[in-house]
Trainee: 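Sharing a structure below in structure tokens format, with a few things to ask.
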Amino acid sequence: MKNYVKPMILANDEMFEGIYTASGDGGADCWTVSATPVQDWSGSHKVFEIHCVHDNSVEHISAGTTVQLTFSNTLTDAYSEYPSSFSGNTVTITRELLGDAYQSGDNMTYKVWVKAADEATTQAVSCTGATISCTKTVNVQGKGGDGN
């Protein structure tokens with residue numbers, strides 16, 4: 001593939017089938033993201049660790065990231081260490097950053113706790129999709145907002 005074209009995502013609450021548009025890049029031009037289960041049952045929730053790794057070919061100032069995770073089952077509860085919300089089988093986590101310059105190999109790791117209808121369903125929940133978007137900002141010298 002020579003040129004990446006970001007897919008358009010449309011939501012239709014009347015449809016009961018999902019299509020996952022991830023193409024392997026994690027959904028951002030500078031970060032990749034993955035979610036790995038680290039604990040099947042915490043007494044009430046299944047715990048996933050979120051791994052975000054910055055691309056080695058782009059350096060810029062970042063003021064925040066938004067991660068959207070899609071799970072295999074409808075959730076009854078979800079939370080993270082950072083501001084988050086959930087609806088149906090989707091969790092959105094917004095992480096404000098310090099406006100640091102991110103470059104090759106920089107990474108972030110944090111957790112999300114999810115709960116489904118009952119214990120067995122919660123233990124069986126898997127993450128079926130993960131995307132990340134980056135809020136680029138300019139630094140005091142006026143550079144960085146465009147990824148440079």
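What you see is a predicted model; the values in this text were computed from it and never measured.
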Trainee: Measure the shortest side-chain to side-chain distance between Thr66 and Ile132 over non-hydrogen atoms and say whether it is less than 4.5 angstrom.
Mentor: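 A side-chain contact under 4.5 Å is absent here.
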Trainee: Quick one: OG on Ser80 to CD1 on Ile93, what's the gap to the nearest 0.5 Å?
Mentor: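 Here the rounded value is 4.5 Å.
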Trainee: Closest heavy-atom contact between Phe48 and Val125?
Mentor: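 In terms of heavy atoms, the two residues are closest at CZ-O, 3.6 Å.
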Trainee: Are the side chains of Tyr79 and Val114 in contact, using a 4.5 Å heavy-atom criterion?
Mentor: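 A side-chain contact is absent here, since even the closest heavy-atom pair is not under 4.5 Å.
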Trainee: So, using side chain to side chain donor-acceptor pair (under 3.5 Å) as the criterion, who are the partners of Thr121 when residues are at least two apart?
Mentor: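 If we apply the side chain to side chain donor-acceptor pair (under 3.5 Å) test to Thr121, skipping adjacent residues, the hits are Asp118.
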Trainee: Could you go step by step and tell me if Thr90 and Gln68 meet the side chain to side chain contact (heavy atoms under 4.5 Å, CB included) rule?
Mentor: CA-CA 7 Å; Thr90 303; Gln68 189 169 55; 3.4 Å; yes
Trainee: May I ask you to check whether over 12 heavy atoms, not counting those of Glu96, lie within 6.0 Å of atom CD?
Mentor: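 Atom CD in Glu96 is not crowded, with 12 or fewer foreign heavy atoms closer than 6.0 Å.
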Trainee: Locate the shortest heavy-atom distance separating Val91 from Phe71; write the atom from each residue and the value.
Mentor: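 Val91 and Phe71 have their closest heavy atoms at CG2-CE1, 3.6 Å.
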Trainee: For Asp106 and Val53: C-alpha separation, side-chain torsions, deciding distance, then whether side chain to side chain contact (heavy atoms under 4.5 Å, CB included) applies.
Mentor: CA-CA 6 Å; Asp106 286 348; Val53 180; over 6 Å; no
Trainee: For Thr65 and Trp31, work out which heavy atoms get closest and say how close.
Mentor: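 Closest approach of Thr65 to Trp31, heavy atoms only: CG2-NE1, 3.8 Å.
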Trainee: So do Phe86 and Asp77 actually touch side chain to side chain, heavy atoms under 4.5 Å?
Mentor: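 The answer is yes, as the side chains (C-beta and beyond) meet within the 4.5 Å cut-off.
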Trainee: Do the non-hydrogen side-chain atoms of Val67 and Cys52 ever get within less than 4.5 Å of each other?
Mentor: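 Answer yes - side chains close enough.
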Trainee: I'd like to know if the side chain of Lys46 reaches the main chain of Gln123, judged simply by a donor and an acceptor atom lying under 3.5 Å from each other, with no hydrogens or angles considered.
Mentor: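 Flag set: sc Lys46 to bb Gln123 pair under 3.5 Å.
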Trainee: Give a yes or no on whether the backbone of Thr70 and the side-chain of Thr128 come within a donor-acceptor separation of less than 3.5 Å.
Mentor: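 Side chain of Thr128 to backbone of Thr70: a pair is present.
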Trainee: Please report the interatomic distance CG(Leu75) to OG(Ser87), rounded to the nearest 0.5 Å.
Mentor: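 Going from CG on Leu75 over to OG on Ser87, the span is 9.5 Å.
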Trainee: Applying side chain to side chain donor-acceptor pair (under 3.5 Å), can you list everything that pairs with Ser126, at least two apart in sequence or on another chain?
Mentor: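 For Ser126 the side chain to side chain donor-acceptor pair (under 3.5 Å) partners, ignoring immediate neighbours, are Ser72.
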Trainee: With the side chain counted from C-beta on, respond yes when Asn73 and Asn89 share a heavy-atom pair under 4.5 Å apart, and no when they do not.
Mentor: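 No, their side chains stay 4.5 Å or more apart.
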Trainee: Pairs of donor and acceptor atoms involving the side chains of residues 33-44, under 3.5 Å and at least two apart or interchain, shall be tabulated with distances.
Mentor:
from	atom 1	to	atom 2	distance (Å)
Gln39	NE2	Trp41	O	3.2
Ser42	OG	His45	N	3.2
Ser42	OG	His45	O	3.1

Trainee: Using side chain to side chain donor-acceptor pair (under 3.5 Å) as the criterion, list what pairs up with Tyr82, not counting sequence neighbours.
Mentor: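 Once residues adjacent in sequence are excluded, the partners of Tyr82 under the side chain to side chain donor-acceptor pair (under 3.5 Å) criterion are Arg95.
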Trainee: Quick one: does Thr76's side chain have a donor or acceptor within less than 3.5 Å of a partner on Ala116's backbone?
Mentor: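 Checked: pair present.
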Trainee: Once salt bridge (charged side-chain N to carboxylate O under 4.0 Å, His left out) is applied, do any residues pair with Glu49, and if so which ones, sequence neighbours excluded?
Mentor: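 Salt bridge (charged side-chain N to carboxylate O under 4.0 Å, His left out) list for Glu49, sorted by chain: Lys111.
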